[in-house]
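All of these numbers come straight from a predicted model, not from anything done at the bench. Sequence positions, counted from 1, serve as the residue numbers for this chain.
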Amino acid sequence: MRTALLKSKVATDRLAGGECKDEDLISWRTFRAAAVGTRNPDEITVAYLAGPEPQNDLMVLLDLGVRPENIWAFEVEEGAAAKGLHTLRELRARGIKFIPVGIEDYFIGTPRRFDIIYFDACGPFPSRSSNTARVLATMFRYCALAPLGVLISNFARPDVSKPEDLERYSFLVAAYLYPKDFLESKDGGSVEGPQAHSYLFNSSPETFEEWGDDERDEDFVEEVKENFEHYYGLFITRSLMDLATIVAPMARLLSSDLWKIAFKGDLEAAIARGKRLVIFNEEASGSDDEAEPDDADDDIQGAISSTSDLDNAHIDSDGDAIVDSDFFSLIWTLAACGLYPVDSNFRPPPEGAKKFIKDWHNALIGKLHIQHIKDLKDLMAVYYAWRHDQSLWSEAMQRIGKFPYRQRMPFLCDVPTSEIGFYPAFAQLAYPAHPNVRETRRFRYVAETKVTPMFIDVIAFDECRYVHDWISAMHLTPEDWKDLSAQMTFRFALDGIAKDKRWFGSDFLFGCHVVGESADFPASELTLRNDLSPDSTDDGDVFD
């Protein structure tokens, strides 16, 4: 990136590139090299769900060179565990760790981290009992995956031949994907999300009566029904990535008092502030001239709302998640699912979907033992309130928020704002796992003698500590940034994460690019889900 800046036709780019010293680049590369390397098959650890026939996956792993001592197999059902143990005794496979407990309990009860976790759920995501969602939420929350590890998940398509199941799954999938600013098209590549294509969400019957039944096709829930497998596959992938980068890190951070280093101690105030994001303050909206100024940071307000006039950033009309849903996608989804008190912008979900949504909601974080935080909707209210309201930040974080970004950071591809400060500081404490989008592989298949389609996602997750930990902890971060060479080196590294998640929404790290997208610096895109079924056919156009 320094070379690209030095070759730029823009004088300020060349000046910024020239400020980055060789010793800082070498220091960062050395720091990263200590964390990232290559592993041989006999060095990696693997965990998988055994079922009654653990030998099937076991023999594949052994053939690939994984040592038996590094293989953990889990089965909680008593009959299946007894059958599996009998088979392994006959195989005389010394060293295999067959554990007759749920894999989730093992994640919670031990510090063991695995290089590969193969989670063959058999059921859909989420299942009726939501165990499939809860297990993976627990896996991320307890850091069971190694700092650079691979999750292989296998979920079944729900039985959407039943109208009621199609209705409730389609509603949840549509609610999850609707606020995303980009989705993956059926033909490959990223395209703008549903709102850019004029889709409505959960339209009222009165709307159809007014517009005519032809307009029903413009409701995104109906679009999901028509192309269910495509969107269901996206829902799985996006859910896993959001779990790793936002949901699980928040649950982990709030499970102790560590969060008080970065944020003020009043969680009730943060929850209340977050809930205001999904409902307009009509009094403020209608009385701009009388609104009182607050301490909102102009830099981040400008980054968050391209339609906002920075001179009017003091007007606290709330409803930010309604106006800019891509910056608040998870809290928007929860509001659309009826989990917050909201205004007329959100209609209630279908009656038949309410219990299903509640079970899904409860599964994504499991049991929490945090004062004032009861569930996922509170957790997400806190996250988005923290991100967008610096009055909730601790003194150390406020020094990061008040850093003179526009005066002390060169303007490059993106205007520097406090977005460069918030998520890295959050990540130093919360340990998110970043998905490697470019290397993600996804498959669909129907097993022999079966009829249910299965969806496999192979995703490498990297905690990227060589980025987040390269700068000092938050009390000293502004001092690091005053060193222009150190600042530029960090921004180069952060750009790598920003490029990889470019098309996956703006819930974190918005506007952190140093150089623009190009053949040399591409934004990552998902490859198409590969259909392994021999008689696969396409069934409709999606965002063409």
Side-chain angles (χ1 to χ4, degrees), residues 245-246 249-277 292-304 310 313-316 318 320 327-328 331 370-373 378-409 415-432 465 467-484 486-487 489-491 493-494 507-512:
T245 53
I246 298 175
M250 273 295 294
R252 181 167 50 253
L253 181 61
L254 283 176
S255 294
S256 72
D257 286 340
L258 195 60
W259 59 273
K260 294 180 181 179
I261 297 173
F263 306 103
K264 291 183 177 178
D266 190 349
L267 288 180
E268 287 186 311
I271 294 170
R273 180 69 182 94
K275 289 180 177 179
R276 283 161 44 200
L277 296 170
E292 293 296 326
D294 60 24
D295 296 327
D297 174 69
D298 283 355
D299 283 340
I300 193 168
Q301 292 293 330
I304 289 171
L310 289 178
H314 64 279
I315 299 174
D316 195 1
D318 296 329
D320 306 61
F327 287 93
F328 304 84
I331 199 171
I370 305 168
Q371 189 177 11
H372 305 306
I373 300 290
D378 286 351
L379 194 74
M380 290 298 94
V382 172
Y383 172 76
Y384 287 103
W386 280 352
R387 185 189 180 198
H388 298 289
D389 190 342
Q390 293 189 20
S391 69
L392 301 171
W393 292 10
S394 69
E395 182 179 347
M397 277 292 287
Q398 288 195 4
R399 290 188 68 235
I400 292 175
K402 293 175 182 177
F403 185 83
Y405 291 89
R406 298 191 181 193
Q407 290 75 43
R408 299 296 295 268
M409 286 191 171
V415 175
T417 72
S418 55
E419 281 285 283
I420 295 174
F422 170 76
Y423 194 77
F426 168 82
Q428 282 191 341
L429 300 175
Y431 278 68
R465 305 314 300 179
V467 177
H468 302 307
D469 289 343
W470 194 77
I471 55 171
S472 302
M474 65 184 65
H475 291 79
L476 299 174
T477 295
E479 281 65 38
D480 282 5
W481 284 344
K482 290 175 184 177
D483 180 334
L484 193 53
Q487 176 206 126
T489 302
F490 172 70
R491 290 175 67 185
L494 194 65
D507 294 278
F508 66 95
L509 286 187
F510 177 77
C512 297

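Annotation: side chain of F490 is in contact with side chain of I420 (closest heavy-atom distance under 4.5 Å). Side chains of R273 and D318 form a contact here, defined as non-hydrogen atoms less than 4.5 Å apart. Residues P424 and V467 form no side-chain contact, since every pair of their non-hydrogen atoms from C-beta on lies 4.5 Å or further apart. The closest side-chain heavy-atom distance from S418 to Q390 is below 4.5 Å. Between L509 and F422, the closest side-chain pair of non-hydrogen atoms is not below 4.5 Å. The closest side-chain heavy-atom distance from I331 to K275 is not below 4.5 Å. Contact of the L254 side chain with the L267 side chain is registered, since non-hydrogen atoms from C-beta on lie closer than 4.5 Å.
Listed for the E419 side chain is a donor-acceptor partner under 3.5 Å among the backbone atoms of F510.
R406 approaches V415 most closely through the heavy-atom pair NE-CG1, 3.9 Å. Of all heavy-atom pairs spanning P432 and P249, the tightest one is CA-CG, 3.5 Å. Closest approach of Q428 and A473 over heavy atoms only: OE1-CA, 3.2 Å. Between I261 and A396 the shortest heavy-atom distance is O-CB, 4.4 Å. Annotation for M397 and A262: closest pair CG-O, 3.0 Å, computed over non-hydrogen atoms.
Between S394 atom OG and H475 atom NE2 the span is 6.0 Å, to the nearest 0.5 Å. One distance of note links OG1 of T477 with CD1 of I400; it measures 4.0 Å at 0.5 Å rounding. For the atom pair OG1 of T245 and CG of D507, the computed distance is 7.5 Å after rounding to the nearest 0.5 Å. Here the OG1 atom belonging to T489 is positioned 8.5 Å from the CG atom belonging to D483, to the nearest 0.5 angstrom. To the nearest 0.5 Å, the span separating OG1 on T417 from CE on M409 amounts to 9.0 Å. In this structure, CD in Q487 is found 8.5 Å from CZ in R408, a value given to the nearest 0.5 Å.
Checked against salt bridge (charged side-chain N to carboxylate O under 4.0 Å, His left out), R252 has no partners two or more places apart in sequence or in another chain. With sequence neighbours excluded, the residues satisfying salt bridge (charged side-chain N to carboxylate O under 4.0 Å, His left out) with D378 are K374. By the side chain to side chain contact (heavy atoms under 4.5 Å, CB included) test, K260 is found to be paired with D257, residues two or more places apart in sequence or in another chain being considered. The side chain to side chain donor-acceptor pair (under 3.5 Å) test applied to D480 returns S472, not counting sequence neighbours. Residues passing the salt bridge (charged side-chain N to carboxylate O under 4.0 Å, His left out) test with D469, sequence neighbours excluded: R465. By the side chain to side chain contact (heavy atoms under 4.5 Å, CB included) test, Q398 is found to be paired with K264, W393, K402, residues two or more places apart in sequence or in another chain being considered.
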Handout entry: ring-ring contact (aromatic ring centres under 6.0 Å, His included) between F328 and H388, worked out
Key = CA-CA 10 Å; F328 304 84; H388 298 289; 4.2 Å; yes
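None of W259, Y383, F508 except one satisfies the ring-ring contact (aromatic ring centres under 6.0 Å, His included) rule with F426; the exception is Y383.
Here F403 and W481 bring their ring centres to under 6.0 angstrom of each other.
Residues R276 and D389 are not paired through a salt bridge, judged by the lack of any N-O separation under 4.0 Å between the basic side chain and the carboxylate.
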